Amino acid sequence: MNTISENVMIVREMIAGAARASGRAPEDITLVAAAKQNPAERVREAIAAGVDAVGENRAQEMTEKLRAGAYDGAPLHFIGRLQTNKVRYVVGACALIESADSLKLLEEIGKRAVSLGITQEILLEVNIGREPGKSGVLPENLEETLEKAASTRGIFTRGLMSVPPVSAQNNGNSRFFDDMMKLFVDIQGKKYDNVDMRFLSMGMSDSFREAILSGANMVRVGGAIFGARTYA
Ligand SMILES: *Cc1c(COP(=O)(O)O)cnc(C)c1O
């Protein structure tokens, strides 16, 4: 079995290849280590190996690991479903909330940010596969959500995020990644206050190459860095 540091090197090489194949430089792609279920020690190893950021899914796990100093030296991203009653643990603690996906949540994030006297950077999560029960804004509601984000004090929108349907086939996700890229470019062409479409976050361990080829510039990689998770 590889060490975390070896895995990060392998992932970086694959990222570099995909970046060049799509006419970009390796350093144009932000590598977020998805650290769920990994203890602070292993997260620190990934940071030492040079990942650009660390992503967490659960507010409670994140808060515990934050106290243990797990994220020292790297920006922290929230990438999981965020309940409004957990907003206070995440706003200000994270450089980027990647999973903002409802008007209510935007309102709560904004309120909390204003009360802390900060601006919280977010991505809007899109349910591009239109899967029932999955988090993310449906594509037809994105414009309304974006307008809400643009007009909510305390929030600055930095891009879009998506977790497309799991695909059994090779390249099976490309259609969804392409659809996300279209939305991303479309919004880049419009003018909103407090919105700078800089990041398109999509692609995980089994799909980050495809995602980058479709235009992603931020990937969230868990298993390929930390090894397979064992689900309780
Ligand atoms: C766990 C997770 C990832 C990484 O998944 P892997 O398949 O382990 O690479 C990416 N994004 C989100 C939102 C996750 O929860």
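We're numbering straight along the sequence, starting at 1. Counting convention: from 1, in listed order, for ligands and their atoms alike. Predicted, not measured: the structure shown is a model, and the values here were computed from it.
Applying the 4.0 Å criterion to heavy atoms of G223 picks out, from ligand 1, the atoms 6 (P), 8 (O), 9 (O). Close approach of ligand 1 to V221 is summarised as follows: ligand atoms under 4.0 Å from at least one heavy atom of the residue are 9 (O). In summary, the atoms of ligand 1 found under 4.0 Å from a heavy atom of N57, numbered by their order in the structure, are 14 (C), 15 (O). The atoms of ligand 1 that sit less than 4.0 Å from any heavy atom of K36 are 1 (C), 2 (C), 3 (C), 14 (C), 15 (O).
Not one N or O on the side chain of R81 forms a donor-acceptor pair closer than 3.5 Å with the backbone of S99. Side-chain N or O atoms of T152 include none that pairs as donor or acceptor with a backbone N or O of I155 at under 3.5 Å.
Looking at A224 next to ligand 1, no N or O pair under 3.5 Å apart turns up. Between G222 and ligand 1, at least one pair of N/O atoms sits closer than 3.5 Å.
Judged as a salt bridge (Lys or Arg N to Asp or Glu O under 4.0 Å), and not counting sequence neighbours, the contacts of R158 are E121, D196.
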Apply salt bridge (charged side-chain N to carboxylate O under 4.0 Å, His left out) to K36 and E56, showing your working. CA-CA 6 Å; K36 56 176 170 276; E56 287 289 358; over 6 Å; no

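Between A100 and L106, the shortest heavy-atom distance links the atoms CB-CD2, 4.0 Å. Listed here is the closest heavy atom pair of F177 and M202: O-CE, 3.3 Å.
When non-hydrogen atoms are compared, ligand 1 lies under 4.0 Å from the backbone of S205 as well as from its side chain.
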